[in-house]
Amino acid sequence: MPTTGATDPFGTGPFQALLHALHLRSGESAAIGRRALMAVLVAWVPLVALAQLQGLAKGTGHVTVLMDFAAYARFLVAVPLLVLAEGQTRTWLQRVLGHFTDARLIPVSEDASFTNLLASTRRLLSSPIALLVIVALAFALTLASGAAWRAQGTELWTVLERDGQQVVSYAGWWRLLVSQPLFLSLLLTWLWRLLLWARCVWRIARMDVRIIPSHPDHAGGLGFLGQSLRGFPILAFAFGSAVAGTLANLVIHE
């Protein structure tokens with residue numbers, strides 16, 4: 001039978017080694033709040049400070065940071081929420097996976113397969129290869145957005161016009177090299193985590209799980225799986241905020 005620790009494969013992440021070095025280890029509840037605050041201090045605060053140096057922080061148009069609702073939504077709202085969501089999701093997924101063994105829904109003959117599934121999930125989630133792919137994709141997608149910046153020109157705070165030429169602003173460089181890659185890295189980490197959760201459920205469904213036809217939950221004793229949805233409200237709000245910020249720009253400015 002898996003131990004309590006083994007039923008917590010989602011209490012880690014691709015950035016485990018970095019977080020451990022910063023004493024903000026993934027999966028530690030006490031560190032999640034500090035990590036969320038640090039994420040805001042890295043993604044949002046320097047952005048506004050650098051924009052202020054070039055007069056791009058305050059104003060009434062889309063050209064300023066403080067009137068860019070997409071920037072608010074991504075770097076001030078979504079980034080810390082994507083960090084905070086880890087604690088909520090981890091708690092509920094651990095309860096769901098733990099119930100399979102606590103209620104003996106996994107027969108003895110499948111104990112080894114179940115334990116191996118949890119171990120492989122944890123290993124894949126914290127894989128260095130996954131980290132490299134996530135970071136590479138985050139920077140690739142960020143650099144690809146540079147074409148959109150150029151198309152918008154000086155209509156956005158990321159680009160300034162000097163001597164008839166367009167140059168990237170200080171805040172634009174910070175967004176390009178730090179804020180946007182951080183946001184996308186967190187987003188891609190969550191997509192990887194969700195894919196691994198789907199893999200867990202898919203693999204368990206192919207095990208000889210003990211079904212109880214007369215169970216009062218009318219789901220053969222598997223109704224508790226629906227409780228996993230309680231682990232995702234913060235994550236859903238973060239995703240929705242990022243989309244809403246972009247739509248707000250369209251509505252308010254265009």
Side-chain angles (χ1 to χ4, degrees), residues 10-53 56-57 65-66 68-93 125-128 130-143 145 157-158 169-194 196 231-246 248-249:
F10 295 96
T12 185
F15 296 90
Q16 176 75 8
L18 175 61
L19 294 173
H20 182 75
L22 296 173
H23 304 287
L24 298 171
R25 189 162 47 195
S26 179
E28 290 186 353
S29 300
I32 291 178
R34 297 197 301 273
R35 287 166 49 205
L37 177 60
M38 181 177 291
V40 172
L41 293 176
V42 170
W44 176 251
V45 175
L47 205 65
V48 177
L50 290 171
Q52 180 63 26
L53 288 177
L56 297 173
V65 172
L66 297 181
D68 186 349
F69 298 104
Y72 272 115
R74 293 176 187 177
F75 310 134
L76 186 59
V77 178
V79 162
L81 287 180
L82 289 171
V83 175
L84 291 172
E86 181 189 318
Q88 184 182 59
T89 302
R90 177 197 179 195
T91 297
W92 282 99
L93 296 190
L125 186 55
S126 59
S127 167
L131 171 62
L132 291 175
V133 171
I134 286 171
V135 172
L137 276 176
F139 275 98
L141 292 171
T142 300
L143 292 174
S145 68
W157 50 268
T158 52
S169 66
Y170 297 154
W173 279 115
W174 190 267
R175 175 178 174 175
L176 184 68
L177 299 176
V178 180
S179 299
Q180 187 74 357
L182 175 60
F183 166 69
L184 290 175
S185 293
L186 290 171
L187 201 64
L188 291 170
T189 296
W190 271 107
L191 293 178
W192 180 231
R193 186 177 275 117
L194 291 172
L196 290 177
F232 298 104
I234 295 178
L235 180 63
F237 187 77
F239 280 22
S241 297
V243 175
T246 301
N249 276 344

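- In this structure, the separation between CG on Leu131 and CG on Leu188 is 11.5 Å, given to the nearest 0.5 Å.
- The main-chain N or O of Ala43 is found under 3.5 Å from a side-chain atom of Ser179 such that the two form a donor-acceptor pair.
- Not counting sequence neighbours, the partners of Ala130 by the side-chain contact (heavy atoms from CB on, under 4.5 Å) test are Ser127, Trp192.
- Summarising the geometry, atom CG belonging to Leu56 is positioned 10.5 Å from atom CG belonging to Leu50; distances are rounded to the nearest 0.5 Å.
- Rounding to the nearest 0.5 Å places CZ of Arg74 at 12.0 Å from CG of Leu82.
- Applying the side-chain contact (heavy atoms from CB on, under 4.5 Å) rule to Val243 yields the partners Leu247; only residues at least two apart in sequence or on another chain are considered.
- Put simply, the side chain of Leu47 reaches to within 4.5 Å of the side chain of Arg175, judged on heavy atoms.
- Scored by the side-chain contact (heavy atoms from CB on, under 4.5 Å) test, Pro46 finds Trp174 as partners (sequence neighbours excluded).
- Looking only at side-chain heavy atoms (C-beta outward), Leu235 and Leu194 come within less than 4.5 Å of each other.
- Without hydrogens or angle criteria, Glu86 side chain to Ile32 main chain gives no donor-acceptor distance under 3.5 Å.
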Notebook entry, point to check: Could you go step by step and tell me if Arg193 and Thr189 meet the side chain to side chain contact (heavy atoms under 4.5 Å, CB included) rule?
Noted result: CA-CA 6 Å; Arg193 186 177 275 117; Thr189 296; 4.0 Å; yes
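- Partners of Val42 by side-chain contact (heavy atoms from CB on, under 4.5 Å), not counting sequence neighbours, listed by chain and number: Met38, Val178, Leu182.
- Residues Ser169 and Trp157 approach most closely at OG-O, 2.8 Å, considering heavy atoms.
- Between Ala242 and Ala73 the shortest heavy-atom distance is CA-CB, 4.2 Å.
- Of all heavy-atom pairs between Ala78 and Ala238, the closest is CB-O, 3.8 Å.
- Side chains of Thr89 and Phe232 form a contact here, defined as non-hydrogen atoms less than 4.5 Å apart.
- Within the model, atoms CZ of Arg35 and CG of Leu84 stand 9.0 Å from one another, a figure rounded to the nearest 0.5 Å.
- One distance of note links CG of Leu186 with CG of Leu81; it measures 11.0 Å at 0.5 Å rounding.
- A search for ring pair (Phe, Tyr, Trp, His ring centres under 6.0 Å) contacts involving Trp44 returns Tyr72, not counting sequence neighbours.
- Heavy atoms only, all atoms of each residue included: Val79 and Ala39 are closest at CG1-CB, 3.4 Å.
- At a threshold of 4.5 Å between non-hydrogen side-chain atoms, the residues Leu196 and Phe10 count as touching.
- Within 6.0 Å of the CZ atom in Phe239, the count of heavy atoms belonging to other residues, nucleotides or ligands exceeds 12.
- What you find for Pro181 and Thr142 is that their closest heavy atoms are N-OG1, 3.7 Å.
- In plain terms, the two heavy atoms of Ala248 and Phe69 that are nearest each other are CB-CB, 3.8 Å.
- Counting heavy atoms from C-beta outward, Leu176 and Trp173 have side chains that approach closer than 4.5 Å.
- Interatomic distance, Ile134 CD1 to Phe139 CZ, rounded to the nearest 0.5 Å: 13.0 Å.
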